[in-house]
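Here is the structure we will look at, set down as structure tokens.
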Protein chains: 2
Amino acid sequence: MSDHAAKAALYDALAESAKALANGRRAELVDVLAQGERSVEELAEEIDQSFANTSQHLQRLLRSGLVEARREGTRIYYSLSSPVVGDLWRTMRQAAQEHVSGLEQLAADYLGDRSRLRTITRDDLRARLRDGDVVVLDVRPEAEYAAGHIRGAVSIPIADLKSRLGHIPDGADVVAYCRGPYCVYADEAVRMLQRKGVTAARLEDGFPEWAAARLPVARG
Amino acid sequence: MSDHAAKAALYDALAESAKALANGRRAELVDVLAQGERSVEELAEEIDQSFANTSQHLQRLLRSGLVEARREGTRIYYSLSSPVVGDLWRTMRQAAQEHVSGLEQLAADYLGDRSRLRTITRDDLRARLRDGDVVVLDVRPEAEYAAGHIRGAVSIPIADLKSRLGHIPDGADVVAYCRGPYCVYADEAVRMLQRKGVTAARLEDGFPEWAAARLPVARG
DNA sequence: GTCTTATTCAAGCGAACTATTGAATTTCAT
DNA sequence: ATGAAATTCAATAGTTCGCTTGAATAAGAC
């Protein structure tokens, strides 16, 4: 093998990890898997695709080594192979945010108007958690809360929020969070709370970013 | 537009930054551009491709927003749009290192046997620079040294090393570095020095990694 | 065993990607 | 203006990608 053929082959292999994420559906899959392991069925539901297509994308991720599979009875659970995969997804998302044109508009199309949605940064939330003057709501599905959440947060899945509004103490200052910057649950929660007269804001991003920043987390 | 169509469009856009890097030749281009701006001609030479093909890949990177172009007379110089692009490339490379199977073999095919090549980490080099008991050699082309180098390093492009071996003081302890972990210049330099009886090691990676770690750098 | 459920496999087809070729464009120098 | 150099454009062909459809497996329940 000539020298530049060997070099080309090496860089082709390095590009494999990018190829694995070079598809919107696979990006969605990784985004969901960053919350914890999932079965094919759950994943297909999350990304609005057929089983066969979802399975195919998962096979591709599996071949790239970025995800792992585990069989449990009749179900197969997929998960990210390591934290570096989450890093890759977040870095790639940030690069897109800074450089891909038209992204803001697409985000607005999906998320709606966020201009009236108060947001706070991780550092702000951390400081306020230390002061203890804030109620933090994890509005993801319960299983995701169990797999890991911001230390001190309470689990109220978005679907249950309406019926549990009474549990929010009067005059509370609420911060809601969910999966990440493009997750709609926290937006919904904040809007619902604001309509009820509760002071509420959303964390700028989600749990994976919190954990990646090595801020305090808890499980179970 | 229905909700899951909007979501799909958003994630498609987020995946654009990965698509831009999802090709070995474009990965090589970004790797070179991480050293500083280059003309199309220089880039085509570096990645062993035709002008037309190189230009095409650059257009694609341009469309993704990851690189910028600047005209100077008859030449057009490309450069990375921001540091986050370098972060993306390094993260993606690390993900490939950890998860893409067969990569080690491909690296060995290109780089040859590295088992006799002493390597030192960034932190080690930093400590030894503080103690002042080491000669650091930047063996990249001179223009790359000028665009930025490890503070305290001396520029001896690999092509000039042979004729300047006399300048290495007797009994010196040398560390050579170049573009990154898969750059061959430092390997060559260390081998050449070791044959001459000089104690030499290569930095595990290259200048962009040093700079990204916010270790001391200099210019000019 | 048979049935059911979860997942994968296999084939097909339109779309996008990649390298090649040769012509066209832009800028500078004469 | 004319010519030369650097780069891009346009057309092409082979390859891979991505979604659909329907059949095939694998594991557990009956």
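Residue numbers begin at 1 in each chain, while the letters A, B, ... track the order of the sequences. Bear in mind that the values here come from a model prediction, so they are computed numbers and not experimental data.
- Contacts between residues 29-43 of chain B and DNA chain D, defined by a heavy-atom separation under 4.0 Å, are made by B/Ser39, B/Val40, B/Glu41.
- For A/Gln105, the side-chain hydrogen bond (donor to acceptor under 3.5 Å, both in side chains) partners at least two apart in sequence or on another chain are A/Asp109.
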Would you list the protein and nucleotides 23-25 of chain D atom pairs, both N or O, that sit under 3.5 Å from each other?
none

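- Every residue two or more places apart in sequence or in another chain that forms a side-chain contact (heavy atoms from CB on, under 4.5 Å) with B/Arg60 is listed here: B/Lys19, B/Arg26, B/Arg63.
- Checked against side-chain contact (heavy atoms from CB on, under 4.5 Å), B/Leu161 has the following partners two or more places apart in sequence or in another chain: B/Leu137, B/Ile156, B/Ile158, B/Leu165, B/Ala189, B/Met192.
- Listed by first then second residue, pairs satisfying ring pair (Phe, Tyr, Trp, His ring centres under 6.0 Å) with a partner in residues 91-116 of chain A number zero, not counting sequence neighbours.
- Among pairs with a residue in residues 83-93 of chain B, those fulfilling side chain to side chain donor-acceptor pair (under 3.5 Å) read B/Asp31-B/Trp89, B/Asp87-B/Arg90, B/Arg93-B/Glu209, at least two apart in sequence or across chains.
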(request) Classify every nucleotide of nucleotides 11-16 of chain D by which part a protein heavy atom approaches to under 4.0 Å, writing B for the base, S for the sugar-phosphate alone and - for neither, in 5'-to-3' order. (result) ------

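- In this model, no donor atom of one side chain and acceptor atom of the other lie less than 3.5 Å apart for A/Glu28 and A/Tyr182.
- OP1 and OP2 of D/dT7 both lie 4.0 Å or more from every side-chain N or O belonging to B/Gln59.
- Remark: A/Glu144 engages A/Gln35, A/Arg38, A/Arg140, A/Pro141, A/Arg179 in a side-chain contact (heavy atoms from CB on, under 4.5 Å) (not counting sequence neighbours).
- Under the rule for a side-chain contact (heavy atoms from CB on, under 4.5 Å), B/Ser101 has no partner lying at least two apart in sequence or in another chain.
- Residues satisfying the salt bridge (Lys or Arg N to Asp or Glu O under 4.0 Å) test with A/Arg118, not counting sequence neighbours, are A/Asp173.
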Pairwise N/O distances under 3.5 Å, protein to nucleotides 26-30 of chain C:
none

